Number of protein chains: 2
Amino acid sequence: MCDDVLMATTTRAANRAAMESEIRRLGREHLRTYGAAGLSLRAVARDLGVVSSAVYRYVPSRDDLLTLLLVEAYSDVADSVEQAMEAVPPDRHRGRLRAATRALRAWAVDDPARWALLYGSPVPGYSAPAEQTVEPGTRVVAMLIDEVARAEADGVLQCRQQDLTAGLRSDLATIRDEFGVELSDAALVVATTLWSTAIGAVSLEVFGQYGANTFSDPAALFDVAIERALTPLAEAPRD
Amino acid sequence: MCDDVLMATTTRAANRAAMESEIRRLGREHLRTYGAAGLSLRAVARDLGVVSSAVYRYVPSRDDLLTLLLVEAYSDVADSVEQAMEAVPPDRHRGRLRAATRALRAWAVDDPARWALLYGSPVPGYSAPAEQTVEPGTRVVAMLIDEVARAEADGVLQCRQQDLTAGLRSDLATIRDEFGVELSDAALVVATTLWSTAIGAVSLEVFGQYGANTFSDPAALFDVAIERALTPLAEAPRD
DNA sequence: CAGAATCGAGAGCACCGCTCTCGTTTTCTA
DNA sequence: TAGAAAACGAGAGCGGTGCTCTCGATTCTG
């Protein structure tokens, strides 16, 4: 009896857990295959062998499933970047940044649809709930800023001060506070520019802007663009 | 009679022309409002005061309308960039490139949905026909490359040669041929990096990756990122 | 063990892209 | 200028979408 009750209890809960994880899995799969706007709950239901209305027991709406996958993707790419950075010694700032951007690109190339979900055009009619997406969504750029800050602290960042508008100065101050990090305006500009360049280069490649068969070695092109963005950082020995 | 015939003749043709331009206009409007994936021929038909099947007399399919708007957008942004560049004297290469990227950003900020159509995630299930989109789609980057090439020819481009892989060298050679322009590998890297940075910075801003109220002056941030990408170019007098 | 919560199925609503047919109107041509 | 041909708009229809509601059946719980 007790066993029965426990069985029964776990049966329900286990079924629910299995269902939810299966929906996520199929969601990822459909995202990969059909893209964000092509994500269809009915199709997921079909693959699940269940009628369309049934999935609404587990997922409030299509947009909520999208949010789920969005948060998951942000976390995945951030984990991937983090892992790549940590594989390089902490004092090799340039090497760590290089590894970070390479991991970013590799993740995107491996799953273009999820990259599109994160950094592509917003899905029409869908706006990601900030309270769920901001934290995982800022992890990557936070790591870049942090690394540049540590490079500056170590005195290996050589960049001439640019003329900045008062508005921009105050914006940069806000960001500094937000990420809780100490670095100069110039260093912060280096970090955000690196970020822009990386996002731009990856998106151009992944979204097919280079044309079908233009580059046989897009990774090499990506690297030289990143190296250009990294010029203010001194090369560490054996970097 | 002759008048009648002419009237009649023009009535048909004029009606068709008016219809087609109205569909384009409504297409642009819907694109702006609902995004690429939200572009619906039925909705256009409704706004046109006509039954849905009627618009198929003028547009073969939804995707063809999308292609139409895509080509139009590529041409618009290229025109805008071209105009901005031509407003700066031909010898001020850095100033011209600055003006070009600023025009690019201004165009995108003014119409984010069309920017998304050009440089955002591809619309699922839709792939732009290369024979129609490649030419207008490469105009902007062609202008950037051309300007950098002329800067190098004028001897105002100072960039140290990077180590490039053999594959990348041959890719760059292909591009040089494609655009029919003479410039060094290093200069071509400068140009493509500038392009990446510009696209990345604009997309980050327009797609809302900076967060809702992070930057009060995103144009200033864009400018400093571009200036960093433009460092290899000497400043012209009074630039 | 009975009441409550949960579940899957199914019908239904409004929307989508797209195709086909059917009268009407306009244009071309003999 | 009269008749053939082309173009046109309306409407019905097909299969797809997200999402809501109801209705029995199952499962949990007090």
Side-chain angles (χ1 to χ4, degrees), chain A residues 1-23 26-27 30-31 33-69 123-127, chain B residues 1-23 26-27 29-31 33-70 123-127:
Chain A
M1 285 243 269
C2 191
D3 274 14
D4 273 12
V5 172
L6 277 175
M7 278 288 286
T9 313
T10 38
T11 294
R12 263 258 216 265
N15 180 262
R16 179 155 256 278
M19 221 42 171
E20 282 175 352
S21 92
E22 191 64 6
I23 289 176
L26 286 171
H30 279 80
L31 203 64
T33 314
Y34 309 109
L39 180 65
S40 146
L41 281 194
R42 284 186 118 105
V44 169
R46 257 197 308 276
D47 284 14
L48 217 54
V50 104
V51 91
S52 77
S53 61
V55 305
Y56 284 87
R57 298 277 181 198
Y58 305 95
V59 171
S61 75
R62 195 201 85 116
D63 285 4
D64 286 82
L65 177 56
L66 214 51
T67 301
L68 221 67
L69 298 172
V123 182
Y126 168 76
S127 106
Chain B
M1 288 239 268
C2 190
D3 274 15
D4 271 6
V5 171
L6 278 177
M7 278 287 284
T9 313
T10 39
T11 294
R12 262 261 215 263
N15 180 262
R16 180 155 253 279
M19 217 49 166
E20 282 175 353
S21 91
E22 190 65 5
I23 289 176
L26 286 171
E29 196 181 303
H30 279 82
L31 204 64
T33 314
Y34 309 108
L39 180 65
S40 146
L41 281 193
R42 285 186 118 106
V44 169
R46 256 197 309 276
D47 284 12
L48 217 55
V50 104
V51 90
S52 78
S53 62
V55 305
Y56 285 86
R57 298 279 181 196
Y58 304 96
V59 172
S61 75
R62 193 201 86 117
D63 285 4
D64 286 83
L65 177 56
L66 214 50
T67 301
L68 221 67
L69 297 173
L70 188 67
V123 183
Y126 168 77
S127 107

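Here is how names work: the chains are called A, B, and so on, in the same order as the sequence lines, proteins then strands, and each is numbered from 1. Not measured: the values here are computed from a predicted model.
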Please write out the pairs of protein N or O atoms and N or O atoms of nucleotides 6-8 of chain C separated by less than 3.5 Å, giving the distance to one decimal.
unit_1 : atom_1 : unit_2   : atom_2 : d
dC7(C) : OP1    : Arg16(A) : NE     : 2.9
dC7(C) : OP2    : Arg16(A) : NH2    : 3.0
dG8(C) : OP1    : Tyr58(A) : OH     : 2.9
dG8(C) : OP2    : Tyr58(A) : OH     : 3.1
dG8(C) : N7     : Arg57(A) : NE     : 3.3
dG8(C) : N7     : Arg57(A) : NH2    : 3.4
dG8(C) : O6     : Arg57(A) : NH2    : 2.3

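- Using a 3.5 Å distance cut-off with no hydrogens or angles, the side chains of Asp64(A) and Thr67(A) do not pair a donor with an acceptor.
- Remark: the Arg42(A) side chain and the dG18(D) base include a donor-acceptor N/O pair separated by less than 3.5 Å.
- Look at CZ on Arg62(B): it is 12 Å from C1' on dC18(C), rounded to the nearest Å.
- As judged by a 4.0 angstrom heavy-atom cut-off over every strand, Ser61(B) is placed among residues touching the sugar-phosphate backbone only.
- Between Tyr34(B) atom OH and dG18(D) atom C1' there is a gap of 17 Å when expressed in whole angstrom units.
- Atom pair Arg46(A):CZ and dA9(C):P shows a separation of 14 Å (rounding to whole Å applied).
- The side chain of Ser40(B) contributes an N or O atom lying less than 4.0 Å from OP1 or OP2 of dC16(C).
- How far CD1 of Ile23(A) is from CE of Met19(A): 6.0 Å, rounded to the nearest 0.5 Å.
- Within 4.0 Å of Leu39(A), counting heavy atoms only, lie sugar-phosphate atoms of the nucleic acid but no base atom.
- The separation between Tyr56(A) atom OH and dC19(D) atom C1' is 5 Å, rounded to whole Å.
- Spacing between atom CG of Leu65(A) and atom C1' of dC19(D) amounts to 14 Å, rounded to whole angstrom units.
- Shortest non-hydrogen contact noted between Leu39(A) and Leu31(A) is CD1-N, 4.5 Å.
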With a 3.5 Å cut-off and sequence neighbours excluded, list the donor-acceptor pairs that the side chains of residues 40-51 of chain B form with protein atoms.
unit_1   : atom_1 : unit_2   : atom_2 : d
Ser40(B) : OG     : Arg42(B) : N      : 3.3
Ser40(B) : OG     : Ala43(B) : N      : 3.0
Asp47(B) : OD2    : His30(B) : NE2    : 3.4

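- Legend: residues meeting side-chain contact (heavy atoms from CB on, under 4.5 Å) with Arg16(B), ordered by chain and number and at least two apart, are Glu20(B), Tyr58(B).
- Taken from CG in Leu65(B) to CG in Leu70(B), the straight-line distance is 11.0 Å, to the nearest 0.5 Å.
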